[in-house]
Amino acid sequence: MTARRLIPALAVAGLGALILSGCVAKSEAASSDVLSVSSTASGCEVSGDAAKSGTLSFDVSNDGDEVTEFYLLAEDGLRIVGEVENIAPGASRTLTVVAQPGDYFTVCKPGMIGDGVGRAAFAVSGDAVELSGEDAEQKEQAVDLYAAFVKDQVGQLVPAVSEFVAAYESGDDETARSQFALVRASYERIEPVAEALGDLDPRIDYREVDAVAEGLDWTGFHRIEKDLWVPAADALNADGATPAWQDWAPSTEAERAAFGDQLIADVQELYDYVHSDEFQESLDAQGIAGISNGAIALLDEVATGKIQGEEDWWSGTDLSDFAANVEGSKMAFSLVRDFAVAQGDDGAALADEIDAGYVDLEAALAQYGSLDGGFVVYTELTDDDKRELTDLINALAEPLAQITNTVLA
């Protein structure tokens, strides 16, 4: 993170995800059927794995010992198209969804943190269901779905950071280095949320040069990163001028404990915030414009930091941050896409142009690896490689910059 990235806008959600507003489940069910879901500590049993398009209801029972959640995820495994949360042990909740044709995943999340358990494929066949209802109601549902996405990403971040910090504090640098890029992905997908919270993002994600410039204590991911990838004696900092070892030395065991514990506490603060009424009220206040501005802001993260290789200066894992920012931006756009299309031919053409821009950018990134499998070290990219990525970012940024005015038209 850099100082220039502090923005007031939060990403919120739109219509694309609310076409489906719930969770699904084994053997094809008719649109009028009620499907049962049993959430336990290790499983997420659903009574079907396919259904016909239309309105479906899901009776979700918590048969475990922890508060649980139940999600329906889109084919990309990121976008939440429906969820029920805060289901106490022994309790049940019913979720009604309007299911469109497509491929999805169901998953439960006991304890409301982590990746969840019992992830399973779910398919919806049949004809597309025409949306009905007031535009305001659809937008309100969209905001709720984006809130669910943010909670899910931060819920994955909490245990991942704890595991990463445990390796770092114990001196298992090899393990910590292997986890660094992937741990950060959940944060990078929803970065504008933390950036709107005063000094929380600087504590979690500031680079050294930015912390020094603002007179702040340098903590967070990048403080730990420098310990894990100790620079050469003659290395320069990310500003290209300051010696890497100026006013810095590898952390002692006690300092590692302090930096690690601080990161855990700061991520927990983020988790508490996104589960608060204040967070929901903030999303509600921004409405549908927040999501489109969030999509733009996340692409700007790439254009103003990642593409220069300034973000992960010591590890060279910038392409992982790049990919996660793009995923978050694309997800946000997908949730407002239908609002743009609803504006007529011009809106539909803009949406198609943005779709194509994401496809081209993702294809170019795929040449260098993936989030799950890892990317090449950023310094391996040639000037021509960087130029190609920059051109693709610019080609996408131009139409994406128009999306807020379009969805509000």
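Along the sequence shown, residues carry numbers from 1.
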*Decide side-chain contact (heavy atoms from CB on, under 4.5 Å) for Arg119 and Cys44; before the verdict, give the C-alpha distance in whole Å, the side-chain angles of both, and the deciding distance to 0.1 Å.*
CA-CA 7 Å; Arg119 180 179 295 224; Cys44 188; over 6 Å; no
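- The neighbour count for Glu388 CD, taken as heavy atoms of other residues, nucleotides or ligands under 6.0 Å away, is above 12.
- The local environment of CG in Asp217 is sparse, with at most 12 non-hydrogen atoms from other residues, nucleotides or ligands closer than 6.0 Å.
- Under the rule for a side chain to side chain contact (heavy atoms under 4.5 Å, CB included), the partners of Ala148 that lie at least two apart in sequence or sit in another chain are Ile80, Glu83.
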*Stepwise side chain to side chain donor-acceptor pair (under 3.5 Å) check, Tyr187 with Asp321*: CA-CA 9 Å; Tyr187 187 83; Asp321 285 0; over 6 Å; no
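- Checked by atom type, the side-chain pair Tyr368/Asp385 shows a donor-acceptor distance below 3.5 Å.
- In this structure, Tyr104 has its ring center no closer than 6.0 Å to that of Phe122.
- By the salt bridge (charged side-chain N to carboxylate O under 4.0 Å, His left out) test, Asp318 pairs with no residue at all, sequence neighbours left out.
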*Show your reasoning for whether salt bridge (charged side-chain N to carboxylate O under 4.0 Å, His left out) applies to Arg337 and Asp352.*
CA-CA 9 Å; Arg337 188 185 189 283; Asp352 287 343; 2.9 Å; yes
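- Remark: Lys151 does not engage Glu69 in a salt bridge, criterion side-chain N to carboxylate O under 4.0 Å.
- A side-chain donor-acceptor contact under 3.5 Å links Asn62 to the backbone of Gly64.
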*Report the C-alpha distance between Phe180 and Trp229 in whole Å, list the side-chain angles of each, state the deciding distance to 0.1 Å, and finish with yes or no for side-chain contact (heavy atoms from CB on, under 4.5 Å).*
CA-CA 11 Å; Phe180 180 76; Trp229 284 271; 3.8 Å; yes
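- For CG of Asp261, the number of neighbouring non-hydrogen atoms (other residues, nucleotides, ligands) closer than 6.0 Å is greater than 12.
- Using modelled atom types and a 3.5 Å distance limit, the side chains of Ser38 and Ser61 yield no donor-acceptor pair.
- When each of Arg256, Arg223, Glu169 is tested with Ser251 by the rule side-chain hydrogen bond (donor to acceptor under 3.5 Å, both in side chains), just one qualifies, namely Arg223.
- Proximity of a side-chain donor or acceptor of Lys226 to a complementary backbone N or O of Ala244 within less than 3.5 Å is detected.
- Looking at Asp115 and Lys109, no side-chain N of the basic residue comes within less than 4.0 Å of a carboxylate O on the acidic one, giving no salt bridge.
- The shortest non-hydrogen separation linking Gln156 to Ser186 is CB-OG, 3.9 Å.
- Between the Ser282 side chain and the Glu278 main chain, no donor and acceptor come within less than 3.5 Å of each other.
- A donor-acceptor distance shorter than 3.5 angstrom exists from the side chain of Gln367 to the backbone of Ala364, with no hydrogens or angles considered.
- Within 6.0 Å of atom CG in Asp65, 12 or fewer heavy atoms from other residues, nucleotides or ligands are found, so the atom counts as exposed in its surroundings.
- Here Tyr271 and His275 bring their ring centres to under 6.0 angstrom of each other.
- The main-chain N or O of Ser36 is found under 3.5 Å from a side-chain atom of Ser47 such that the two form a donor-acceptor pair.
- For Glu163, the CD atom is loosely surrounded, since the number of other residues' heavy atoms within 6.0 Å does not exceed 12.
- For the pair Ser53 (side chain) and Asp127 (backbone), a donor-acceptor distance under 3.5 Å is present.
- Tyr168 and Phe164 have parallel rings, their planes meeting at less than 30° on a 0 to 90° scale where 60° marks the start of perpendicular.
- Geometrically, Lys139 engages Phe339 in a cation-pi contact, judged by NZ or CZ lying under 6.0 Å from the ring centre and within 45° of the ring axis.
- With no hydrogens or angles considered, no side-chain donor-acceptor pair links Asn325 and Glu301 at under 3.5 Å.
- A donor-acceptor pair is defined here as one N or O able to donate and one able to accept, closer than 3.5 Å; such a pair exists between the side chain of Ser329 and the backbone of Ala295.
- At distances below 3.5 Å, at least one donor-acceptor pair connects side-chain atoms of Ser370 with backbone N or O atoms of Gly373.
- Within a 6.0 Å radius of CD in Glu398, no more than 12 heavy atoms belonging to other residues, nucleotides or ligands are found.
- Using a 4.0 Å cut-off between charged nitrogen and carboxylate oxygen, Arg184 and Glu311 count as a salt-bridge pair.
- Residues satisfying the ring-ring contact (aromatic ring centres under 6.0 Å, His included) test with Phe259, not counting sequence neighbours, are none.
- In this model, a donor atom of one side chain and an acceptor atom of the other lie less than 3.5 Å apart for Asp144 and Gln280.
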*Under the side-chain contact (heavy atoms from CB on, under 4.5 Å) criterion, do His222 and Trp313 qualify, and how do the steps go?*
CA-CA 9 Å; His222 296 301; Trp313 186 252; over 6 Å; no
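- With hydrogens and angles ignored, the 3.5 Å screen pairs a side-chain donor or acceptor of Arg177 with a backbone N or O of Leu228.
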*Begin from the C-alpha positions of Ser315 and Asp312 and carry the test side chain to side chain donor-acceptor pair (under 3.5 Å) through to its verdict.*
CA-CA 6 Å; Ser315 64; Asp312 301 317; 4.6 Å; no
